[in-house]
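Single-structure report; data block below.
First the proteins, then the strands, lettered A, B, ... as listed; each starts at 1. These figures come from a predicted structure and were not determined experimentally.
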Amino acid sequence: MNKPKYYITTAIAYTSRKPHIGNTYEVVLTDAIARFKRKIGCDVFFLTGTDEHGQKIQLSAEAAGITPKAYVDVVAGEVRAIWDLMNASYDKFIRTTDEAHIKVVQKIFKKLYDQGDIYKGEYSGQYCVACEAFFTETQLAGGKCPDCGRDVTPTKEEAYFFQMSNYQDRLMKHIEAHPEFIRPESRKNEMVNNFLKPGLQDLCVSRTSFTWGVPVAFDPGHVVYVWIDALTNYISAIGYDPDEPSARYKKYWPADVHIIGKDILRFHTIYWPIILMALGEPLPEQVFGHPWLLFGAEKMSKSTGNVMYADDLAEQFGVDAVRYYVLSEMPFAADGTITYQTIIARYNSELANTLGNLVNRTVAMVCKYFDGVIPAQGELQDVDLDLIQTAGQTVKTVVEKMDELRVADALEAIFSLARRSNKYIDETAPWVLAKDEAQRGRLGTVLYNLLECIRIIGACLEAFMPETAAKIARQTGGASTDWDGVQRFGALQAGTRVGEPAPLFARLDEEKKLAEIAAALDAKYGGEAKAEKPDANRAEQPKAEEEQQTLVSIDDFAKLDLRVANVLSAERVAGSDKLYKLSLRVGGEVRQVVSGIAKHYAPEALVGKNVVMIANLKPVRLRGIESQGMILAAELGGSLSLVTTDEEIADGAKVR
RNA sequence: GGCGGUGUAGCUCAGUUGGCUAGAGCAAACGGUUCAUACCCGUUAGGUCGGUGGUUCAAGUCCACUCGCCGCUACCA
């Protein structure tokens with residue numbers, strides 16, 4: 001009666017565009033865990049939803065000529081439709097535009113401000129609109145946003161800050177005392193070494209540069225920035241309130257696990273716990289940063305045109321096959337890959353051959369030899385006991401693996417039992433037994449054991465492939481799949497009838513299927529989505545592709561203004577062991593360039609040298625000193641040599 | 001540059017606190033079988049366990065150095 005509670009969440013999906021299969025993976029993964037925990041008797045609450053505020057959305061909406069709310073309504077609808085299509089069994093779908101959520105965010109913000117964790121200050125830096133992030137000069141990549149490569153604009157605004165450093169020591173102690181808090185382990189190290197040890201910066205938690213967000217209640221010009229808005233969904237969704245938290249909140253919080261992408265681990269393992277500490281609430285038991293699903297060798301991204309969508313895949317392969325693929329393909333800590341070819345290969349060998357055929361041949365034999373009536377189990381032989389023991393062990397392994405969130409390993413254990421069962425058929429050769437009336441009892445025992453294995457496989461599979469599990473249950477005669485019965489070999493009732501045998505997964509012809517997919521995608525997306533078509537060359541000849549990508553036209557090269565420059569002076573930059581501040585004469589002009597060659601050249605060796613510089617590189621500040629270009633040097637294995645001119649030539653000369 | 005991870009059969013990966021002839025799945029070859037979705041079962045991998053040098057009776061498994069990838073981060077032009 002007293003079920004242990006289990007609260008599990010996904011990250012909320014950002015509603016700037018329809019989620020691709022990589023985003024969808026997270027929901028499927030979380031769903032599998034949630035379903036499994038329910039199956040074994042936990043009182044599960046599974047939360048997912050959408051993150052709907054921010055400047056990017058505001059701009060997208062403006063571009064589309066609609067209000068931000070209208071915009072996010074559409075995308076949130078798409079998100080939810082895909083989650084539903086994939087059979088995500090969430091208990092609640094929260095949207096950060098929900099009234100209740102907004103109220104809680106405002107209350108939290110006020111509370112943190114009143115108690116002094118948040119103070120008002122000023123933020124200045126280079127701002128990237130697309131990424132909604134500020135960068136320091138030194139973080140920029142070639143003067144552009146280091147994340148997306150777009151232009152940034154210098155921006156200064158009044159803002160509220162959260163004093164993170166106040167909680168740093170407490171968080172550090174918590175992480176040390178709870179080794180399971182951050183998973184996988186290597187991620188924990190990254191967080192501790194890169195952020196906690198060096199010391200936390202105060203976090204900017206409001207914006208004035210856009211309006212699409214939760215207004216700060218006591219300072220309406222400000223909008224609550226993503227951290228406090230989005231992260232608090234985990235508690236607002238279940239009824240947190242600083243004054244009077246709901247019964248549901250008291251029951252479920254703290255979360256047992258937050259399932260998130262590895263890219264947002266920092267927010268969930270540093271900022272979020274600190275926010276909770278400031279609120280005086282307990283921290284989540286665990287944060288799991290799952291790896292990414294890559295398209296071939298590449299990160300999936302709309303801009304590179306290699307996106308796959310869950311609905312398109314489901315249309316081609318069926319929902320369960322897609323669920324199976326992403327769940328089984330993702331190792332615990334390393335990125336997984338997806339291509340049409342690999343899906344087809346796994347589909348055929350595992351779903352159609354190993355699993356589907358096992359069910360089909362077994363049920364067919366029961367029909368053929370026993371008129372569809374499940375025979376009774378008789379005396380057991382060694383082969384039987386070995387099989388039964390494997391089945392029992394499989395169930396235990398699945399539970400253990402799921403406890404560790406090793407979903408792919410759990411699935412592998414189940415399929416391993418399916419393979420063992422196929423082997424059992426070979427060992428017992430029912431078609432031989434069937435020819436001998438004296439062996440009828442033995443034949444019945446063999447088929448009974450097989451049906452039991454299939455029942456157990458089906459029940460274990462329920463969390464991963466719910467539709468397939470239901471089909472298996474139907475074909476094995478609607479046998480109960482409750483967890484008690486799963487743990488007991490022999491729970492199946494003899495004398496009842498099996499269902500009609502029907503293949504669970506039809507085998508696919510790779511060539512034909514690829515052509516079908518290409519046609520379907522072409523019909524749906526037309527010419528604009530050429531790159532989304534399955535392309536064997538793409539996955540199998542990455543080299544050729546790389547070479548193509550690195551080829552530039554003469555026009556690209558012409559964009560660079562390369563000049564001969566003469567070094568007038570070189571001095572070390574204070575506080576840096578590798579930077580020089582150089583003065584260069586370029587024609588009639590003197591340029592200041594900061595260059596990281598101090599370990600390779602003495603200052604006096606540089607003066608008077610001709611070097612080659614990029615004269616039209618966007619200036620940046622390095623170590624607080626403006627650098628108006630860069631000089632070229634060849635580098636290999638730690639040694640470095642400046643590019644210079646073969647014969648004397650006046651500085652300012654163009655290099656091409 | 002710092003920190004962390006990783007490098008094992010053609011491919012994807014397992015390999016506990018060091019100890020049998022280093023394993024699994026897929027692919028391939030050969031053989032068997034026919035209940036079944038041309039499916040299933042068996043046999044077959046002469047793998048320098050990235051490299052070098054150590055510790056040890058014994059090392060993918062520990063230590064040092066080294067090379068290649070990947071991640072996070074930075075004073076990387």
Side-chain angles (χ1 to χ4, degrees), chain A residues 136-143 146 184-195 197-198 262-263 265-266 289 291-292 294 297 328-329 331-337 342 345-346 348-369 408-409 412 415-416 418-435 443 446-447 450 501-509 540 573-580 582 593-599 613-614 617-625 627-633 635 637-638:
Chain A
T136 62
E137 296 281 357
T138 53
Q139 284 177 312
L140 298 180
E185 175 102 24
S186 59
R187 298 286 158 193
K188 178 176 97 182
N189 298 330
E190 286 180 6
M191 296 304 125
V192 170
N193 293 336
N194 289 322
F195 300 105
K197 280 187 181 159
K262 62 182 184 180
D263 51 324
L265 211 79
R266 172 164 138 201
W292 281 339
L294 307 178
S328 62
E329 176 58 30
F332 184 66
D335 289 337
T337 57
T342 53
R346 301 277 303 273
N348 278 339
S349 77
E350 280 145 35
L351 296 180
N353 295 350
T354 301
L355 175 66
N357 189 42
L358 169 69
V359 174
N360 190 238
R361 66 200 297 213
T362 302
V363 176
M365 281 192 278
V366 174
C367 289
K368 189 166 179 176
Y369 301 140
D409 289 351
E412 168 56 28
F415 275 78
S416 182
R419 283 191 290 271
R420 179 68 189 82
S421 303
N422 274 322
K423 184 173 175 174
Y424 175 80
I425 295 180
D426 206 66
E427 289 167 339
T428 54
W431 52 93
V432 175
L433 299 172
K435 287 174 185 155
L443 176 62
V446 165
L447 290 180
L450 279 168
L504 296 172
F505 300 94
R507 246 186 105 73
L508 305 174
D509 180 283
E540 285 165 17
V573 172
S576 169
D577 54 356
K578 56 164 58 167
L579 295 181
Y580 280 141
L582 305 175
V593 167
V594 179
S595 180
I597 56 172
K599 283 186 173 167
M613 77 173 292
I614 305 177
L617 192 66
K618 199 165 177 173
V620 296
R621 299 186 79 81
L622 291 170
R623 198 75 193 170
I625 301 167
S627 180
Q628 305 158 327
M630 76 182 264
I631 61 174
L632 302 185
E635 188 190 2

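Across all their heavy atoms, A/Pro430 and A/Tyr369 have their closest contact at O-CE1, 4.3 Å. When all heavy atoms are compared, the tightest approach of A/Val363 to A/Pro501 is CG1-CB, 3.7 Å.
Applying the 90° criterion around 0 to the glycosidic angle, B/rG60 comes out syn.
One can place CD of A/Glu190 at 15 Å from P of B/rC70, the figure rounded to the nearest angstrom. Look at CG on A/Leu582: it is 11 Å from P on B/rA77, rounded to the nearest Å. Straight-line distance from the CG atom of A/Asp409 to the P atom of B/rA24: 17 Å, rounded to whole Å. Following rounding to the nearest Å, A/Arg187 (CZ) and B/rG5 (P) show an atom-to-atom distance of 12 Å. Atom CG in A/Asn193 sits about 13 Å away from atom P in B/rG2, given to the nearest Å. Distance CG (A/Leu450) to C1' (B/rC41): 14 Å, rounded to an integer number of Å. A/Phe415 has its CZ atom 19 Å from the P atom of B/rC13, to the nearest Å. One atom, CD of A/Glu412, and another, P of B/rU12, lie 17 Å apart when rounded to the nearest Å.
In this structure, B/rA14 makes no Watson-Crick or G-U wobble pair, since no nucleotide meets both defining distances under 3.5 angstrom. With a 3.5 Å ceiling on both atom-pair distances, B/rC75 lacks any Watson-Crick or G-U wobble partner. Shown here, B/rG47 forms no base pair; nothing in the strands shown gives a Watson-Crick or G-U wobble contact with both key distances under 3.5 Å. When both distances must be under 3.5 Å, the Watson-Crick or G-U wobble mate of B/rG31 is B/rC41. Base pairing annotation: B/rG60 forms no Watson-Crick or G-U wobble pair, as no partner gives both donor-acceptor distances under 3.5 Å. Of the nucleotides present, B/rU6 is the one that pairs with B/rG68 by Watson-Crick or G-U wobble criteria, both distances under 3.5 Å.
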Protein and nucleotides 30-37 of chain B: nitrogen or oxygen contacts under 3.5 angstrom:
unit_1, atom_1, unit_2, atom_2, d
B/rC35, O2, A/Arg361, NE, 3.1
B/rC35, N3, A/Arg361, NE, 3.3
B/rC35, N3, A/Arg361, NH2, 2.5
B/rC35, N4, A/Arg361, NH2, 2.9
B/rA36, O3', A/Asn360, OD1, 3.0
B/rA36, O2', A/Asn357, OD1, 2.5
B/rA36, O2', A/Asn360, OD1, 3.1
B/rA36, N1, A/Arg361, NH2, 3.3
B/rA36, N3, A/Asn357, ND2, 3.3
B/rA36, N3, A/Arg361, NE, 3.1
B/rU37, O2, A/Phe505, O, 3.4
B/rU37, O2, A/Arg507, N, 3.2
B/rU37, N3, A/Phe505, O, 2.5
B/rU37, O4, A/Leu504, N, 3.2
B/rU37, O4, A/Phe505, N, 3.3
B/rU37, O4, A/Phe505, O, 3.3

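Remark: side-chain polar atoms of A/Asn422 are paired, donor with acceptor, to backbone N or O of A/Thr354 under 3.5 angstrom. With hydrogens and angles ignored, the 3.5 Å screen pairs no side-chain donor or acceptor of A/Asn360 with any backbone N or O of A/Gly356.
When the P atom is used for both B/rA59 and B/rU21, the distance is 12 Å, rounded to whole Å. For the P atoms, the distance linking B/rC75 with B/rU17 amounts to 38 Å, nearest Å. The same atom, C1', is picked in B/rU73 and in B/rG10; the two are 37 Å apart, to the nearest Å. Separating the P atom of B/rC11 from that of B/rA58 is a span of 33 Å, rounded to the nearest Å. Rounded to whole Å, the P atom of B/rC20 lies 36 Å from the corresponding atom of B/rG31. Taking atom C1' on both B/rG50 and B/rC69, the two are 11 Å apart, rounded to the nearest angstrom. Rounded to whole Å, the P atom of B/rG42 lies 15 Å from the corresponding atom of B/rU33. The gap from the P atom of B/rA27 to that of B/rC3 amounts to 44 Å, rounded to the nearest Å.
Remark: A/Arg419 is not in phosphate contact with B/rC40, judged by side-chain N or O atoms under 4.0 Å from OP1 or OP2. Phosphate proximity of B/rG42 to A/Lys423: present, with a side-chain N or O under 4.0 Å from OP1 or OP2.
A/Leu450 pairs with exactly one of A/Val366, A/Val359, A/Thr362, A/Thr428 by the side chain to side chain contact (heavy atoms under 4.5 Å, CB included) rule, that one being A/Thr362.
Counting heavy atoms from C-beta outward, A/Trp431 and A/Leu443 have side chains that stay 4.5 Å or more apart.
Within the 4.0 angstrom heavy-atom criterion, base atoms lie near A/Asn194.
To the nearest 0.5 angstrom, A/Asn353 atom CG is 9.5 Å from A/Glu350 atom CD. The distance from the CG atom of A/Asp409 to the OG atom of A/Ser328 is 11.0 Å, given to the nearest 0.5 Å.
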(request) With side chain to side chain contact (heavy atoms under 4.5 Å, CB included) as the test, would you mind laying out the steps for A/Leu358 and A/Ile425 before giving the verdict? (result) CA-CA 9 Å; A/Leu358 169 69; A/Ile425 295 180; 4.0 Å; yes
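Comparing A/Arg266 and A/Arg420 by the nucleotide of RNA chain B whose heavy atom lies nearest to each, the residue mapping closer to the 5' end is A/Arg420.
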